[in-house]
Amino acid sequence: MKNSILIVGAGFAGSVMARELADAGHQVMIIDKRPHIGGNAYDTLDAQGIRIHPYGPHIFHTNSEKVFQWLSRFTEWRPYEHRVLAQVDGELLPIPINRSTINRLYGLDLDEAGVAAYLDKVRIPKESIKTSEDVVLSSVGADLCDKFFRGYTRKQWGLDLSELSAGVAARIPTRTNDDDRYFTDTFQAMPALGYTKMFERILDHPHIQVQLQTDYAQIRSQVQPKHTVYSGPIDAYFDYQFGKLPYRSLRFEHEHLSNTEWLQSVGTINYPNDHAYTRITEFKHLTGENHSGTSIVREYPEAEGDPYYPVPRPENEERYQRYKALFETESDVTFVGRLAQYRYYNMDQVVAAALKSAEHVKEKLKP
Ligand code: FAD
Ligand code: UDP
């Protein structure tokens with residue numbers, strides 16, 4: 001181990017780092033406590049052979065040509081633009097809110113300028129935008145906020161919109177036109193053979209050794225790598241010495257329906273005000289597979305369980321900064337990824353962060 005780099009976590013952060021460092025000539029050992037690679041982006045087949053995402057729907061989108069090109073070394077792509085409807089007042093309406101959402105919800109027939117004028121009338125201007133409530137109220141006003149955002153957010157985070165930083169709700173734009181795509185990024189596509197196959201190819205390198213079902217906590221005191229890359233939760237690494245950082249968890253309820261080819265007209269339906277789950281995703285929309293049945297997942301937010309989401313709010317950021325100050329003193333360890341950097345990162349942002357970190361590590365370990 002002395003001449004190797006140890007990488008903790010085989011998700012996007014760890015796997016991209018592993019490949020970059022192996023390509024640069026380093027020996028790499030990558031471990032994960034789970035029995036598979038891919039982290040939360042791992043995909044597999046359900047019992048009837050439909051590709052599913054066990055840890056919730058993962059839709060790839062990016063504006064970064066660099067990230068897209070890097071991943072394209074390891075996968076072909078299937079173009080896919082995600083669309084989402086929200087069930088509100090018994091109707092299925094486009095989210096992000098667009099012209100059609102407003103016209104159908106209120107029985108109007110506004111053109112784009114009319115929608116812009118409508119939003120100007122209902123929005124509640126804020127002097128400064130600090131919280132997610134500020135974001136939503138200042139863009140769509142109180143009624144649309146209550147119908148589309150307040151309930152969903154309460155369910156998803158166990159918090160009010162006013163208790164979350166602006167960046168959370170700012171992920172969802174407001175539109176005056178009819179664009180009903182969830183994302184508008186330049187590159188929107190799914191790995192043609194799935195995420196797991198892409199990860200297998202990223203990690204397929206003579207300098208990379210993969211060891212699954214291995215918890216860093218168990219081996220930490222026995223190994224002496226020349227450098228460590230850590231992509232697990234940052235508070236766990238430091239033994240929670242400044243207290244636990246909250247991570248929101250989810251319970252995924254997967255179901256295969258063999259008596260119907262399709263359940264819903266789009267990839268995801270959000271339920272801001274009904275049910276204990278936030279959304280239902282039907283995987284065949286994402287993957288383009290043909291099958292006589294269909295496979296879906298419902299997401300139930302939970303306080304305890306595997307860490308899935310950092311919780312963006314000022315007091316958590318303060319605590320994270322204390323951990324960060326500590327890790328900046330650890331010159332033999334690099335912290336990267338959604339859990340280690342405590343950032344609400346999408347997959348492409350994690351790839352970008354890992355590519356950047358890999359450059360630093362290569363520089364540091366130069367003979
Ligand atoms: P992870 O994928 O969490 O990988 C970290 C790995 O470290 C895990 O496999 C874990 O088992 C391992 N690990 C942790 N601690 C230890 C330890 N002590 N020892 C050994 N191993 C350890 N992003 C998008 O771009 N589009 C989407 O549509 C999208 N949808 C999402 C839906 C859900 C429900 C969730 C939760 C996330 C979604 N994301 C999406 C975000 C995406 O999952 C992340 O950006 C990305 O997977 C993070 O990669 P990572 O390597 O940082 O972390
Ligand atoms: N959100 C909402 N209503 C929706 C969709 C999103 O209130 O119909 C809010 C909610 O707080 C959610 C956040 O916007 O957590 C980000 O949504 P996104 O779909 O990006 O969440 P993710 O896919 O990361 O779970």
Side-chain angles (χ1 to χ4, degrees), residues 6-17 30-42 53-62 67 82 84-88 93-97 132 135-136 145 147-157 159-161 164 167-172 182-183 185 188 190 195 199 211-220 230-234 236-237 247-250 252 267-273 278-279 281 286 297 299 301 306-312 335-341 343-351 353-354:
L6 174 67
I7 299 192
V8 180
F12 269 102
S15 300
V16 171
M17 290 288 281
I30 182 166
I31 63 166
D32 203 295
K33 60 182 181 186
R34 290 173 171 168
H36 59 73
I37 57 174
N40 287 335
Y42 167 73
H53 301 169
Y55 304 101
H58 278 70
I59 297 117
F60 186 80
H61 56 98
T62 190
V67 166
H82 194 50
V84 180
L85 297 171
Q87 180 170 295
V88 170
L93 302 169
I95 177 86
I97 290 170
S132 278
V135 170
V136 179
C145 175
K147 288 189 157 82
F148 288 85
F149 289 91
R150 203 175 294 279
Y152 188 105
T153 299
R154 161 74 53 197
K155 233 193 299 190
Q156 169 72 12
W157 301 95
L159 295 168
D160 186 66
L161 274 168
L164 283 160
V168 176
R171 291 167 63 88
I172 314 297
Y182 206 60
F183 310 110
D185 302 48
Q188 303 190 43
M190 300 290 286
Y195 289 98
F199 278 97
Q211 202 171 300
L212 300 173
Q213 291 177 290
T214 304
D215 189 336
Y216 180 57
Q218 309 291 316
I219 63 157
R220 187 173 184 164
Y230 181 84
S231 73
I234 182 70
Y237 181 90
Y247 292 91
R248 190 71 171 160
S249 194
L250 292 171
F252 301 102
T268 298
I269 297 186
N270 287 357
Y271 293 90
N273 310 307
T278 50
R279 55 189 179 187
T281 297
L286 280 53
V297 64
E299 295 173 54
D306 276 359
Y308 291 123
Y309 292 82
V311 183
F335 296 85
V336 62
R338 177 151 146 147
L339 304 173
Q341 295 180 275
R343 287 285 169 271
Y344 191 171
Y345 275 157
N346 293 324
M347 294 179 279
D348 64 319
Q349 295 170 299
V350 172
V351 174

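Counting convention: from 1, in listed order, for ligands and their atoms alike. Please read all numbers here as calculations on a predicted model, not as lab measurements.
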Under 6.0 Å from the ring centre and within 45 degrees of the ring axis: does the NZ or CZ of Arg338 meet both conditions for the six-membered ring of Tyr309? yes

Counting heavy atoms only, which of His58, Gln218, Gln341, His53 is nearest atom 38 (C) of ligand 1? His58

Are Arg34 and Tyr55 in a cation-pi setup, meaning NZ or CZ lies under 6.0 angstrom from the ring centre and within 45 degrees of the ring axis? yes

Just jot down the ligand 2 atoms closer than 4.0 angstrom to any heavy atom of Gln156, in number order. 15 (O)

Look at atom 3 (O) of ligand 1 and say which protein heavy atom is nearest, naming residue and atom and giving the distance to 0.1 Å. Asn40 ND2, 3.4 Å

Run the numbers for me: atoms of ligand 2, each under 4.0 Å from some heavy atom of Tyr309, listed by number. 22 (P), 24 (O), 25 (O)

Any idea which part of Glu299 is under 4.0 Å from ligand 1, heavy-atom wise: side chain, backbone, both or neither? side chain

With a cut-off of 4.0 Å, which atoms of ligand 2 are near a heavy atom of Val168? 11 (O), 13 (C), 14 (O), 16 (C)

Which residue supplies the protein heavy atom nearest to atom 26 (N) of ligand 1, what is that atom called, and how far is it? Ile59 O, 2.8 Å

Do any nitrogen or oxygen atoms of Leu250 come within less than 3.5 Å of a nitrogen or oxygen of ligand 1? no

Polar atom proximity, Tyr230 to ligand 1 (N or O, under 3.5 Å): no

Kindly confirm or rule out an N or O of Ala169 lying under 3.5 angstrom from an N or O of ligand 2. no

Tyr152 ring center within less than 6.0 Å of Tyr271 ring center: no

Determine the interplanar angle of the Tyr182 and His82 rings, folded into 0 to 90°, and report it as parallel if under 30°, tilted if 30 to 60°, perpendicular if over 60°. perpendicular

Could you tell me whether some N/O pair between Gly232 and ligand 1 is separated by less than 3.5 angstrom? no

Would you please indicate yes or no on a ring centroid separation below 6.0 angstrom for Trp157 and Tyr247? no

Looking only at distance, does Tyr308 have an N or O less than 3.5 Å from an N or O of ligand 1? no

Write out the residue and atom name of the closest protein heavy atom to atom 45 (O) of ligand 1, then the distance separating them to 0.1 Å. Tyr345 O, 2.8 Å

Show the atoms of ligand 2 that are less than 4.0 angstrom away from any heavy atom in Tyr182. 5 (C), 18 (P), 19 (O)

Does any N or O atom in Ile95 lie less than 3.5 angstrom from one in ligand 2, N or O only? no

Give yes or no for whether the N/O distance cutoff of 3.5 Å, strictly under, is met between Val350 and ligand 1. no

Students should be able to answer this: which protein heavy-atom is nearest to atom 41 (C) of ligand 1, and at what distance? Arg338 NH1, 3.3 Å

Counting both backbone and side chain atoms, is some N or O of Val8 under 3.5 Å from an N or O of ligand 1? no

If you scan protein heavy atoms around atom 10 (C) of ligand 1, the nearest is Asp32 OD1, 3.5 Å

For Tyr195 and His53, I'd like to know if the aromatic rings sit close, meaning centre-to-centre distance below 6.0 Å. yes

With a 4.0 Å heavy-atom cut-off (strictly under), which part of Leu161 contacts ligand 2: side chain, backbone, both or neither? neither

Report the part of Trp157 (side chain from C-beta onward, or backbone N, CA, C, O) that has a heavy atom under 4.0 Å from ligand 2; answer both or neither where that applies. side chain

Counting heavy atoms under 4.0 Å, the part of Phe60 that contacts ligand 1 is neither

Is it possible for you to check whether Arg220 lies under 6.0 Å from the centre of the six-membered ring of Tyr237, through NZ or CZ, and within 45° of that ring's axis? yes

Which one of Arg279, His58, Arg171 has a non-hydrogen atom at the shortest distance from atom 23 (O) of ligand 2? Arg279

For atom 23 (N) of ligand 1, the closest protein heavy atom turns out to be Met347 N, 3.3 Å

How far is atom 18 (N) of ligand 1 from the closest protein heavy atom, and which atom is that? Asp215 OD1, 2.9 Å

Atom 21 (N) of ligand 1: which protein heavy atom is closest, and how many Å away? Lys33 N, 3.1 Å

Short N/O distance, under 3.5 Å, between Tyr216 and ligand 1? yes

